[in-house]
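Input: a single structure, listed below in structure tokens.
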Protein chains: 2
Amino acid sequence: MATTSEKPLRKDAERNRRRILDAAAELFAERGLAVTLNDIAHHADVGVGTVYRRFPDKDLLIDALFEERVHELLDLAEQSLECQDAWQGLVEFLEGSLELQARDRGLKQLLLGTPQGCAKVGGVRERIFPIVSALLVRAREEGRVRADVEPGDLAAAQWMVGAILDYSREVRPELWRRYLHVLLRGLSAEATVHDPLPVAALGPQELDSVMSSGALARR
Amino acid sequence: MATTSEKPLRKDAERNRRRILDAAAELFAERGLAVTLNDIAHHADVGVGTVYRRFPDKDLLIDALFEERVHELLDLAEQSLECQDAWQGLVEFLEGSLELQARDRGLKQLLLGTPQGCAKVGGVRERIFPIVSALLVRAREEGRVRADVEPGDLAAAQWMVGAILDYSREVRPELWRRYLHVLLRGLSAEATVHDPLPVAALGPQELDSVMSSGALARR
DNA sequence: CGAAAGTGGATAACGACTATCGACTTCAGC
DNA sequence: GCTGAAGTCGATAGTCGTTATCCACTTTCG
């Protein structure tokens, strides 16, 4: 079970493999997982056949690509658990996680969407959940979070902020911070007035452009 | 410019028109705007051709169907503005609006998604915005809402709770109430601890089922 | 009763994507 | 430098789901 033994790829083949991976990373990040293998091939300056030869199944490509990125998230969770102040840790985790998602549409879809295939990635997600739950429980015990907040609420929070990401990514990539803040305030035990909301709300014309940009597809 | 004059439809034609409208209402509500005219035809026990004859363009059908429903929303907004307590009015509006959306996927998509075509519906949406903005401004003046909250935040709130709707509709249709509550608490001037969160958070097994149900499509 | 209006649903036209194949190019080792 | 194994390219065939048309047939209404 060598980690990455297989056969030693020929030099040009290896170069193409990298090109494909790089192109895929770029396209997934900016356009989401829906990009076709054709798109990726063209973007990598490589024939479609080459892509199919190397990654017969798109899920294999996704797995290969995102394994690393997803582990970043796992590290983040573990590191946040170290934090002496559990509330602080929770905030750090959510901010970090959403920051990654803001920078990579594909990652967001992988994390919050359906797992289908992509075994490795799905597995990591399952390992993150208990860690973050522990973080939440601790923050609750420390009296920083409402007593009736539960782990499921953290998933919901990511869904909600994820929606902001989808709608506003083009117009105001940083808008999600504002609503993460609102949400955290809503979940905290004593919601103080102090710290102002980060980043301004969308103005009327920005709202229009979001609405008509078809951020949410339809038919 | 008679409102609905045209030609007086033949009796059977009129009956079919109604059937189509009814079937469309049902399917849009439970499956969203993406249902095909074929689906609608079959569900209405009518030939596909009949549907196309009556509504050459799907947008026309949507317009015809949702004009009324969207006006309900406009009424709701106006009525909420009457409320002496602006905060109360705001809550009523958001709850009412989201309740409608929870019951009708199509309506939700129409309100929060792209307007493309569907002139009438889009117009009403534009009339609602200033009303709700006024409501917000008043609630802010009354000191119930944080001073830095803006009208755009209400749109964002609907996007966020709308995401909860999309994810959890099958598993727990009422879950959105919990997160509207959290959000409102986050936006309110003094977030008191009192009133407990309505409806429980999703448990681990429910989360799994949401994740794997592919609530959010991908490829 | 007959003309006008309306109907059904097989099927053509489409568009987007997935996947294959085989003539051709490149590499690595002798 | 030659050779054959490894690798490449991209036109194109196959699928799938949807939109839209057409016309022989049925229904309505005066």
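Each chain gets a letter, A, B and so on, in the order its sequence line appears, and its residues count up from 1.
- Look at OH on Y52(A): it is 18 Å from P on dT12(D), rounded to the nearest Å.
- The backbone N or O of S188(A) sits less than 3.5 Å from a side-chain atom of R185(B), completing a donor-acceptor pair.
- Protein atom CZ of R19(B) is 10 Å distant from nucleotide atom P of dT7(C), rounded to whole Å.
- Side chain of R172(B) to main chain of A200(B): a donor-acceptor pair is present (N/O by atom type, distance under 3.5 Å, no hydrogens or angles).
- Protein atom CG of D45(A) is 20 Å distant from nucleotide atom P of dG7(D), rounded to whole Å.
- You'll find that the side chain of R54(A) is closest to dG7(D), out of dC17(C), dG7(D), dA20(D).
- The backbone N or O of R19(B) sits nowhere less than 3.5 Å from a side-chain atom of D22(B) that would complete a donor-acceptor pair.
- Straight-line distance from the CD atom of E14(B) to the C1' atom of dA5(C): 14 Å, rounded to whole Å.
- One interatomic measurement links the two molecules: CZ of R17(B) to P of dA5(C), which rounds to 18 Å at whole-angstrom precision.
- With dT18(C), dC9(D), dT8(D) as the candidates, the nucleotide lying closest to the side chain of N16(A) is dT8(D).
- Sorted by first and then second residue, the salt bridge (charged side-chain N to carboxylate O under 4.0 Å, His left out) pairs with a member in residues 23-44 of chain A read R31(A)-D39(A); sequence neighbours excluded.
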**OP:** Using a 4.0 Å cut-off on protein heavy atoms (strictly under), produce a 5'-to-3' string for nucleotides 10-15 of chain C with B for base contact, S for backbone-only sugar-phosphate contact, and - for none.
**Re:** ------
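- Positionally, the nearest nucleotide of DNA chain D for T50(A) lies more toward the 5' end than for the other of L37(B) and T50(A).
- In this structure, H42(A) places its NE2 atom 11 Å from C1' of dA11(D), rounding to the nearest Å.
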Side-chain donor-acceptor distances from residues 89-100 of chain B under 3.5 Å, at least two apart:
residue, atom, partner, partner atom, Å
S97(B), OG, Q101(B), NE2, 3.0
S97(B), OG, Q158(B), OE1, 3.0
E99(B), OE1, R177(B), NH2, 3.2
E99(B), OE2, R177(B), NH2, 3.1

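- Atoms CG and NE2, on L37(B) and H42(B) in that order, are 11.5 Å from each other to the nearest 0.5 Å.
- Formation of a donor-acceptor pair under 3.5 Å by the K58(B) side chain with backbone atoms of T36(B) is not found in this model.
- Nearest nucleotide to the A13(B) side chain, out of dC9(D), dT19(D), dT7(C): dT7(C).
- To the nearest angstrom, P of dT18(C) lies 11 Å from CG of D59(A).
- Judged purely by atom type and a 3.5 angstrom limit, R178(B) has no side-chain atom pairing as donor or acceptor with the backbone of L197(B).
- Taking OH from Y179(B) and CG from L187(A), the interatomic distance works out to 8.0 Å, rounded to the nearest 0.5 Å.
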Subject >> Under 4.0 Å protein heavy-atom contacts per nucleotide of nucleotides 22-29 of chain C, with B for base, S for backbone only and - for none >> reply: ----BSS-
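- If you measure from atom CG of L27(A) to atom P of dC17(C), you get 13 Å, rounded to the nearest angstrom.
- The aromatic rings of W159(A) and Y167(B) lie parallel to each other, their planes meeting at an angle below 30°, with 60° marking the opposite boundary.
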Enumerate donor-acceptor pairs with a distance under 3.5 Å from any side-chain N or O in residues 72-81 of chain A to protein atoms, sequence neighbours excluded.
residue, atom, partner, partner atom, Å
S80(A), OG, L76(A), O, 2.8

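- When the shell of 6.0 Å around CD of E68(A) is examined, it contains 12 or fewer heavy atoms from other residues, nucleotides or ligands.
- Comparing the helix axis at one end of the helix from dC1(C)-dG30(D) to dC30(C)-dG1(D) with that at the other, each defined from 5 consecutive pairs, gives an inter-axis angle of 10° (nearest 10°).
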